[in-house]
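Read through the structure below, which is laid out as structure tokens, and then see the notes.
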Amino acid sequence: MYFPVSYSTLSDKALAEYLRNHYNIQHILNMSYYLRGMNDTYLVTTSEKPYVFRVYRGDWRAEYSEIAFELELLNYLNLKGISVSLPVADTHGEFIQTFDAPEGKRFGVLFTFAEGTERGMDNEEICNLCGQSVADIHLQSESFKSEYKRTILDLNYLIHQSLEVIESSMQHRIEDVEFMKKLGQQLEHSLRDIPLEQLDWGICHGDLHGNTNVSFTEDLVMTHYDFDLCGYGWRAYDIAEFRLSREVRVGHDPDLLERLWTAFIEGYRSVRDLSENDLKAVPIFVGIRQLWLMGLCLKDPHINGSIDYDDAFIDDKLAYFKRLKENLYGEYSEVLR
């Protein structure tokens with residue numbers, strides 16, 4: 001009998017042998033553990049072309065339907081002409097594999113490799129193209145429907161559940177917990193004042209930071225991948241992650257930040273409409289995204305260890321949220337109270 005396990009890393013050698021036995025893939029030359037993120041990613045090298053194999057975390061994607069929704073969306077977008085990394089079926093036509101890991105059931109999916117290379121979202125041309133591509137995903141997914149259940153990216157998920165994690169992890173800092181709870185209420189009230197019902201709702205990628213989830217060919221054709229955070233939500237929330245990532249990377253240069261953001265929005269609006277209310281909601285969703293990310297980090301010490309999420313981490317986040325609150329009550333006072 002084994003000692004209980006909360007998170008395991010499946011053997012790359014055993015997975016390579018599994019692929020040889022279950023997929024029509026010739027000459028697997030190497031399979032290496034590539035990235036630990038929300039899930040485990042393995043790079044599969046063959047004599048013909050590379051693939052990516054993802055093993056979903058058992059405590060993150062515990063239900064078959066959650067993964068089936070993602071794969072159904074990818075195949076739908078492909079049929080609509082969107083370049084995405086696609087799931088590959090095994091010899092029985094199945095896309096989702098099930099593994100009995102020490103911590104319990106885990107799912108795995110083989111994906112096509114997104115050809116090209118990553119490019120920094122640090123110039124206006126790239127940001128404009130990215131805006132066009134994101135708008136195309138939103139446009140082409142308008143009619144997408146699935147019978148599979150998937151987490152809804154609503155305020156309960158983004159704010160309330162995140163605050164529950166934050167509160168349970170910060171019992172030694174009750175005053176700071178109260179500040180975070182009040183901030184969450186203010187962010188929610190701000191959205192409802194826009195009002196919330198007028199914001200664009202539909203399929204979201206869920207993680208549009210522009211790094212490690214999009215590849216560019218030499219002629220700047222984009223292929224999107226890693227839709228693990230996809231779901232139904234507000235499109236302003238979806239593009240808020242792009243804005244947040246630019247703030248993190250080039251916030252020291254406000255002029256460049258605004259030029260990149262303007263290029264992204266102009267690209268987006270050249271493909272589909274984005275209302276002024278949706279734009280007003282973006283800075284609020286930037287804060288909500290950071291709130292969600294904080295909850296996500298504090299929830300996962302069993303994956304990456306708690307050393308990076310100590311009081312110094314909390315101090316840094318609180319400093320960010322205090323600046324955010326000041327900025328929102330200033331420049332965006334017309335949508336906040």
Side-chain angles (χ1 to χ4, degrees), residues 23 37-41 51-90 92-99 104-112 114 133-161 196-197 199-209 213-214 222-242 268 271-274 278 285 288-289 292 296:
Y23 289 84
M38 296 302 300
N39 302 291
D40 291 335
T41 301
Y51 296 87
V52 167
F53 192 77
R54 176 193 291 164
V55 179
Y56 293 82
R57 267 172 42 193
D59 64 335
W60 172 245
R61 297 298 180 202
E63 300 298 329
Y64 180 97
S65 65
E66 296 177 299
I67 300 164
F69 180 101
E70 175 191 347
L71 305 189
E72 191 172 40
L73 174 61
L74 290 171
N75 285 321
Y76 180 89
L77 291 174
N78 177 60
L79 291 175
K80 290 290 187 175
I82 305 293
S83 181
V84 293
S85 174
L86 290 169
V88 179
D90 64 15
H92 297 289
E94 298 294 329
F95 290 110
I96 302 174
Q97 310 301 315
T98 304
F99 301 104
K105 180 174 60 178
R106 295 183 66 179
F107 298 107
V109 176
L110 183 67
F111 291 93
T112 58
S133 184
V134 170
D136 206 18
I137 290 175
H138 290 171
L139 179 66
Q140 298 301 331
S141 62
E142 291 287 355
S143 300
F144 174 75
K145 297 185 184 303
S146 177
E147 295 182 358
Y148 294 109
K149 293 182 180 180
R150 182 75 174 188
T151 300
I152 302 297
L153 309 179
D154 58 11
L155 296 184
N156 179 57
Y157 172 73
L158 297 172
I159 296 180
H160 301 164
Q161 292 181 27
L196 193 63
E197 293 75 18
L199 298 181
D200 186 25
W201 176 274
I203 284 293
C204 296
H205 177 281
D207 202 22
L208 291 172
H209 50 72
N213 59 18
V214 61
M222 300 174 64
T223 298
H224 291 270
Y225 57 96
D226 192 5
F227 280 68
D228 179 49
L229 295 178
C230 72
Y232 289 104
W234 292 284
R235 266 54 183 275
Y237 169 75
D238 213 16
I239 65 175
E241 171 58 20
F242 184 88
Y268 189 101
V271 175
R272 76 185 293 268
D273 185 43
L274 187 69
D278 285 301
F285 275 122
I288 291 173
R289 175 70 174 190
W292 178 82
L296 183 69

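Ring-plane geometry between Phe99 and Phe53 is classed as perpendicular, the angle between the planes exceeding 60 degrees on a 0 to 90 degree scale with a lower cut at 30.
Under the 4.5 Å side-chain criterion, counting only non-hydrogen atoms from C-beta, Pro87 is not in contact with Leu110. Under the 4.5 Å side-chain criterion, counting only non-hydrogen atoms from C-beta, Leu77 is not in contact with Asn75. Proximity of Leu155 to Trp234: side-chain heavy atoms (C-beta onward) are separated by under 4.5 Å at one or more points. Using a 4.5 Å cut-off on side-chain heavy atoms (C-beta onward), Trp60 and Asp228 make contact. Contact of the Leu208 side chain with the Tyr237 side chain is not registered, since no non-hydrogen atoms from C-beta on lie closer than 4.5 Å. Proximity of Cys204 to Arg235: side-chain heavy atoms (C-beta onward) are separated by under 4.5 Å at one or more points. A heavy-atom distance below 4.5 Å is not found between the side chains of Val55 and Phe107. Between Tyr51 and Tyr23, every side-chain heavy-atom pair lies at or beyond the 4.5 Å cut-off.
The backbone N or O of Glu94 sits less than 3.5 Å from a side-chain atom of Asp90, completing a donor-acceptor pair. Between the side chain of Asp278 and the backbone N or O of Ala236, no donor-acceptor pair lies under 3.5 Å. Side chain of Asp207 to backbone of Asp226: no donor-acceptor contact under 3.5 angstrom is found.
Listed here is the closest heavy atom pair of Thr223 and Ser83: OG1-OG, 2.7 Å. When all heavy atoms of Thr112 and Val84 are compared, the pair lying nearest together is OG1-O, 4.4 Å. Of all non-hydrogen atoms in Ala62 and Gly58, the two that sit nearest each other are CB-O, 3.3 Å. Across Leu229 and Arg61, no two heavy atoms sit closer than the pair CA-NH2, 4.1 Å. Taking both residues in full, the closest heavy atoms of Leu74 and Ser85 are given as CD1-O, 3.6 Å, listed atom of the first, atom of the second, then distance. Gly206 approaches Arg289 most closely through the heavy-atom pair O-NH1, 2.9 Å.
We find the CD1-CZ distance between Ile203 and Arg150 to be 9.0 Å, quoted to the nearest 0.5 Å. Atom NZ of Lys105 sits about 6.5 Å away from atom OG1 of Thr98, to the nearest 0.5 Å. Distance check, rounded to the nearest 0.5 Å: CE of Met222 to CD1 of Ile137 gives 7.5 Å. Atom CG in Leu73 sits 12.0 Å away from atom NZ in Lys80 (nearest 0.5 Å).
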Discussion item. One pair to check against salt bridge (Lys or Arg N to Asp or Glu O under 4.0 Å): Asp136 and Arg272. What are the steps and the verdict?
Written reply: CA-CA 8 Å; Asp136 206 18; Arg272 76 185 293 268; over 6 Å; no
Discussion item. Using side-chain contact (heavy atoms from CB on, under 4.5 Å), reason through Asp238 and His138 one step at a time and then give a plain yes or no.
Written reply: CA-CA 10 Å; Asp238 213 16; His138 290 171; 2.8 Å; yes
Practice prompt. Check step by step if side chain to side chain donor-acceptor pair (under 3.5 Å) holds for His224 and Ser133.
Written response: CA-CA 9 Å; His224 291 270; Ser133 184; 2.6 Å; yes
Worksheet item: Given the rule in the side-chain contact (heavy atoms from CB on, under 4.5 Å) test, do Phe285 and Leu199 qualify, once you have shown the distances and angles that lead to the verdict?
Response: CA-CA 12 Å; Phe285 275 122; Leu199 298 181; 4.0 Å; yes
Worksheet item: After noting the C-alpha distance and the side-chain angles of Cys230 and His205, does the key distance pass the side-chain contact (heavy atoms from CB on, under 4.5 Å) rule?
Response: CA-CA 4 Å; Cys230 72; His205 177 281; 5.7 Å; no
Item to complete: With side-chain contact (heavy atoms from CB on, under 4.5 Å) as the test, would you mind laying out the steps for Tyr225 and Phe111 before giving the verdict?
Response: CA-CA 9 Å; Tyr225 57 96; Phe111 291 93; over 6 Å; no
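A side-chain hydrogen bond (donor to acceptor under 3.5 Å, both in side chains) with Tyr56 is found for one member of Arg106, Glu66, Glu70 and no other, namely Glu70. Screening Tyr148, Phe227, Phe144 against Phe69 for a ring-ring contact (aromatic ring centres under 6.0 Å, His included) leaves a single residue, Phe144.
Within a 6.0 Å radius of CD in Glu142, other residues, nucleotides and ligands contribute more than 12 heavy atoms.
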